[in-house]
Amino acid sequence: MSYEKVSREEDYNKWYQNLVVNADLAEHSAVRGCMVIKPYGYAIWEKMQAQLDRMFKATGHSNAYFPLFVPKSLFEAEEKNAEGFAKECAVVTHYRLKTNPDDKSKLMVDPEARLEEELIVRPTSEAIIWSTYKNWIQSYRDLPILVNQWANVVRWEMRTRLFLRTAEFLWQEGHTAHASKEEAIQETVQMLDVYSEFAETFMAIPVIKGVKTENERFAGAEDTYCIEGLMQDGKALQMGTSHFLGQNFAKAFDVKFTTQQGVQEYVWATSWGVSTRLMGALIMCHSDDDGLVLPPNLAPIQVVIVPIYKGSDQLIKIDEVANKIKNELELVGISVKYDNRDTQKPGWKFAEYELKGVPIRLSIGPRDLENGTIELARRDTREKEVLQQTDLTGKIQNLLKQIQENLYLKAETFRDNNITAVNTWDEFKEVLNTKGGFISAHWDGTSETEETIKQETKATIRCIPLNQKAEIGKCVFSGKPSNGRVLFAKAY
RNA sequence: CGGGGUGUAGCGUAGCCCGGUAUCGCGUCUGCUUUGGGAGCAGAAGGUCGUAGGUUCGAAUCCUGCCACCCCGACCA
């Protein structure tokens with residue numbers, strides 16, 4: 001394989017794009033802004049899905065599926081939500097094609113087949129779901145409803161990037177209905193915790209939990225909670241959101257329930273989601289100039305075994321040892337690939353699996369056969385060591401855990417070193433331009449100030465951290481009083 | 001959606017200014033030799049030059065429309 005090598009330092013964007021394509025995660029498709037997720041990339045997404053799905057089920061949720069299309073009249077019911085998404089909606093207007101009479105080899109939209117009501121391709125599903133929940137909910141006995149769906153959504157973005165922002169993307173969206181405000185808020189916060197635990201434990205990415213400002217809030221939500229991660233180039237990435245929707249959708253779709261006391265009340269709602277954008281976070285957080293670095297908990301292949309041999313006699317003997325090790329590792333649930341293809345050389349395979357981020361590589365050659373040893377190389381630190389073939393399983397189990405932890409700690413150290421507290425506007429601009437990362441600063445709480453800061457520096461308030469300390473100060477921009485610091489950053 | 005750039009074999013590219021049907025490397029195929037960090041030699045295959053028109057005796061090259069990607073801006077729950 002021959003491809004353009006660009007380091008993170010030279011051109012971070014290009015490095016990212018090359019990596020996505022070269023590591024076989026995804027590629028551009030024939031459709032503008034839409035990507036093909038390739039088998040290796042999809043395997044990582046499937047591991048994310050599987051784990052998140054377990055966590056959703058463990059917190060009492062069930063999966064369901066709602067339609068891709070939303071009738072315009074339903075879509076526009078919740079005004080703020082509709083307004084927020086209006087500019088990026090794909091719209092279906094016709095339901096039939098016909099042969100073009102001027103050119104029999106071509107098709108054309110049949111003008112006779114115009115839909116009476118246009119269908120919006122969902123940018124999110126609140127509208128279709130709440131119009132359905134209306135029928136599901138009459139009494140407090142019907143609550144709560146705890147539903148999640150795995151789906152695709154379409155947002156006609158002007159500018160796209162593989163995984164980070166595509167016109168169509170895959171995600172999950174949880175939509176819950178509750179009898180009380182408190183319960184809905186509790187659900188919102190609970191799912192934020194699920195996301196942060198997933199990000200930290202599985203993706204090995206430390207995240208900051210917070211609340212969005214009004215400017216950044218989900219259209220139609222009362223509060224938007226989020227997890228924010230920091231990428232290696234110092235830009236922040238929103239990795240998941242959990243919304244407390246209040247009674248906005250219940251009112252828009254007239255969803256009421258009868259309380260135990262026999263009173264009719266509007267239902268309280270939440271929604272929460274993470275998307276294939278997490279793939280982008282995973283790539284940008286850990287990978288290096290040689291390729292992907294995957295945390296063991298999400299790596300489709302955790303251990304690869306590469307034989308080094310001369311002639312088929314040696315290979316047969318190595319096969320025997322390698323397969324034995326493979327079986328032992330698989331017995332304890334480790335995913336192993338033994339790559340004994342004769343069509344590629346060992347060095348080629350080493351580079352290939354490094355590009356693909358496989359956490360541990362074992363290689364076995366004639367020397368190892370003689371000595372009963374094996375060479376182990378770890379992707380995260382690039383360290384190599386020679387081990388005895390006996391007792392390998394336990395060591396590898398431990399090492400996978402260590403790699404997982406090491407990636408997290410490395411990312412955490414980087415993140416912590418890149419949260420800078422500033423107190424003056426000059427300092428703010430200085431840090432933003434030279435160092436990047438999160439800037440912890442006082443803010444007067446107004447949208448105007450946030451907007452002006454954004455205009456002048458491109459930095460936005462990523463969140464008001466949940467663990468914000470009460471601290472009297474002055475807004476870094478306006479000098480007006482503030483009682484706590486918020487996090488600013490340039491963001492994806 | 002505005003400004004700029006790019007599009008040539010599976011990948012990366014030369015050629016374009018100054019028109020004469022295409023360069024090089026990697027990869028692919030065949031054979032032999034190789035195998036502890038992307039093997040070597042020899043031979044071979046593979047291209048309607050993004051797409052649709054136009055100018056011309058002749059277009060990868062000049063002109064126009066369209067498509068896609070990249071960068072900047074606007075936009076982005």
Side-chain angles (χ1 to χ4, degrees), chain A residues 1-6 11-14 16-18 21-22 24 27-35 78 80-89 103 106 122-127 153 155-162 164-167 169 171 173 212-226 238 240-243 245 248 271-273 275 277 290-291 306-312 314-315 318 340-355 361-371 373-377 382 384 386 454-455 458 460 491-492:
Chain A
M1 184 191 284
S2 163
Y3 55 87
E4 197 184 17
K5 271 189 181 156
V6 177
D11 187 340
Y12 194 83
N13 282 336
K14 202 162 188 185
Y16 172 79
Q17 278 162 184
N18 284 352
V21 172
N22 294 331
D24 247 353
E27 62 188 34
H28 290 286
S29 69
V31 191
R32 193 199 75 90
C34 295
M35 65 177 171
E78 209 296 324
K80 282 186 181 162
N81 187 250
E83 235 175 75
F85 284 106
K87 278 176 285 182
E88 46 187 330
C89 285
D103 182 350
K106 295 281 196 308
R122 63 181 167 214
T124 181
S125 301
E126 275 77 5
V153 286
R155 296 178 187 180
W156 213 258
E157 303 286 354
M158 287 296 115
R159 202 167 159 187
T160 59
R161 276 168 192 269
L162 294 171
L164 296 173
R165 174 166 284 116
T166 47
F169 56 92
W171 76 346
E173 46 182 327
K212 288 292 188 189
T213 61
E214 197 185 336
N215 287 6
E216 300 278 322
R217 192 181 295 155
F218 176 75
E222 295 288 310
D223 276 312
T224 288
Y225 293 74
C226 63
Q238 176 178 300
T241 49
S242 184
H243 314 290
L245 301 174
N248 295 340
S271 69
W272 28 274
S275 70
R277 174 179 250 206
D290 293 316
V306 177
I308 297 156
Y309 59 95
K310 287 179 189 165
S312 57
Q314 274 186 5
L315 182 59
I318 293 172
N340 64 351
R341 284 178 299 172
D342 194 32
T343 49
Q344 314 292 354
K345 313 263 300 203
W348 189 93
K349 292 176 188 172
F350 291 177
E352 180 72 6
Y353 292 110
E354 276 157 14
L355 176 60
R361 180 185 75 233
L362 300 174
S363 47
I364 311 171
R367 284 210 299 270
D368 298 302
L369 285 184
E370 271 178 44
N371 304 330
T373 55
I374 190 161
E375 186 191 78
L376 182 151
R382 310 301 295 266
K384 287 187 198 176
V386 176
K454 185 181 174 185
Q455 293 300 324
K458 288 187 183 175
T460 49
Y492 279 98

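Below, read A as the first sequence line, B as the second, and so on, with proteins coming before strands; counting in each chain starts at 1.
Under the 3.5 Å distance criterion, the side-chain polar atoms of A:Ser29 are matched with a main-chain donor or acceptor of A:Cys34. Between the side chain of A:Asn248 and the backbone N or O of A:Gly220 there is at least one donor-acceptor pair closer than 3.5 Å. A donor-acceptor pair under 3.5 Å is absent between the side-chain atoms of A:Arg155 and the main chain of A:Ala167, judged by distance alone. Between the side chain of A:Arg277 and the main chain of A:Gln238, a donor-acceptor pair closer than 3.5 Å is present.
Distance from the side chain of A:Arg382 is smallest for B:rG37 among the nucleotides B:rG37, B:rU35, B:rC69. Nearest nucleotide to the side chain of A:Gln17, out of B:rG37, B:rC71, B:rC75: B:rC71. Residue A:Glu157 has its side chain nearest to B:rC76 when only B:rC76, B:rU35, B:rG37 are considered. Checking B:rU35, B:rG37, B:rG36 against the side-chain heavy atoms of A:Phe350 singles out B:rG37 as nearest. The nucleotide whose nearest atom lies closest to any side-chain atom of A:Lys345 is, among B:rA77, B:rA39, B:rA68, B:rA39. With B:rA77, B:rG36, B:rC1 as the candidates, the nucleotide lying closest to the side chain of A:Asp368 is B:rG36.
Taking atom P in both B:rU61 and B:rC18, one finds a spacing of 14 Å when rounded to whole Å. Taking the P atom of each, B:rC41 and B:rC72 are spaced 42 Å apart, rounded to whole Å. Across the P atoms, B:rC69 and B:rU56 are found 35 Å apart, a figure rounded to whole Å. B:rA39 and B:rU34 have their C1' atoms separated by 7 Å, with the value rounded to a whole Å. Nucleotides B:rA52 and B:rC70 have their P atoms positioned 23 Å apart, rounded to a whole Å. Comparing the P positions of B:rG3 and B:rA74 gives an interatomic distance of 16 Å, to the nearest angstrom. Only the P atoms considered, B:rA59 is 11 Å distant from B:rC49, to the nearest whole Å. For the C1' atom pair drawn from B:rC11 and B:rG38, the interatomic distance equals 15 Å after rounding to whole Å.
In terms of phosphate contacts, A:Gln314 brings no side-chain nitrogen or oxygen within less than 4.0 Å of OP1 or OP2 of B:rU35. OP1 or OP2 of B:rC75 has not a single side-chain nitrogen or oxygen of A:Arg155 nearer than 4.0 Å. Not one side-chain nitrogen or oxygen of A:Asn13 sits closer than 4.0 Å to the OP1 or OP2 atom of B:rC70. For A:Lys310, a side-chain nitrogen or oxygen approaches OP1 or OP2 of B:rU35 to under 4.0 Å.
For A:Glu214, the CD atom sits in a loose shell: 12 or fewer heavy atoms of surrounding residues, nucleotides or ligands are nearer than 6.0 Å.
Nucleic acid contact for A:Glu173: none, since no nucleic acid atom lies under 4.0 Å from a heavy atom of the residue. Looking at heavy-atom distances under 4.0 Å, A:Glu27 makes no contact with the nucleic acid at all. Counting any heavy atom pair closer than 4.0 Å across all strands shown, A:Thr124 reaches no nucleic acid atom. Contact annotation for A:Gly84: no contact, since no heavy-atom pair falls under 4.0 Å across all strands. Among the atoms of the strands shown, none is found under 4.0 Å from any heavy atom of A:Gly273. Among the protein residues, A:Glu375 comes within range of the nucleic acid bases, having at least one heavy atom under 4.0 Å from a base atom. Among the atoms of the strands shown, none is found under 4.0 Å from any heavy atom of A:Pro123.
Residues that satisfy the side-chain contact (heavy atoms from CB on, under 4.5 Å) test with A:Ala127, not counting sequence neighbours, are A:Val70, A:Phe253.
Going from atom CG of A:Asn371 over to atom P of B:rG36 covers 17 Å, rounded to whole Å. In this structure, the CZ atom of A:Arg159 is 12 Å from the C1' atom of B:rG4, given to the nearest Å. Computed from coordinates, the A:His28 NE2 to B:rC67 C1' distance equals 14 Å when rounded to whole Å. Between the CG atom of A:Leu162 and the C1' atom of B:rC70 there is a distance of 12 Å, rounded to whole Å. A straight line from OH of A:Tyr492 to P of B:rA77 spans 17 Å, rounded to a whole angstrom. For A:Trp348 and B:rU28, the CH2 to C1' distance is 13 Å, given to the nearest whole Å. Protein atom CZ of A:Arg165 is 10 Å distant from nucleotide atom P of B:rC76, rounded to whole Å. In this entry the distance linking CG of A:Leu369 with C1' of B:rG36 reads 12 Å, nearest Å.
Comment: A:Glu354 engages A:Arg361 in a salt bridge, judged by a side-chain N to carboxylate O separation of less than 4.0 angstrom.
The CD1 atom of A:Ile308 sits 9.5 Å away from the NZ atom of A:Lys349 when rounded to the nearest 0.5 Å.
Pairing analysis of RNA chain B (Watson-Crick: purine N1 to pyrimidine N3 plus N6-O4 or O6-N4; G-U wobble: N1-O2 and O6-N3; both under 3.5 Å) yields stems of 3 or more pairs at B:1-7 with B:67-73, B:10-12 with B:24-26, B:28-33 with B:39-44, B:50-54 with B:62-66.
RNA chain B is contacted by both A:Ile308 and A:Ala219; A:Ile308 maps to the nucleotide lying nearer its 5′ end (nearest heavy atom per residue). Each of A:Cys34 and A:Glu216 has a nearest nucleotide on RNA chain B; the 5'-most of these lies closest to A:Cys34.
You'll find the side chain of A:Trp348 stays beyond 4.5 Å of the side chain of A:Val306, heavy atoms only.
Scanning atom types as modelled, no donor and acceptor separated by under 3.5 angstrom connect the side chain of A:Glu352 and the base of B:rG37.
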Please evaluate residues A:Leu245 and A:Glu126 with respect to the criterion side-chain contact (heavy atoms from CB on, under 4.5 Å), reporting the C-alpha separation (whole Å), side-chain torsions for both, the decisive distance (0.1 Å), and the verdict. CA-CA 10 Å; A:Leu245 301 174; A:Glu126 275 77 5; 4.2 Å; yes
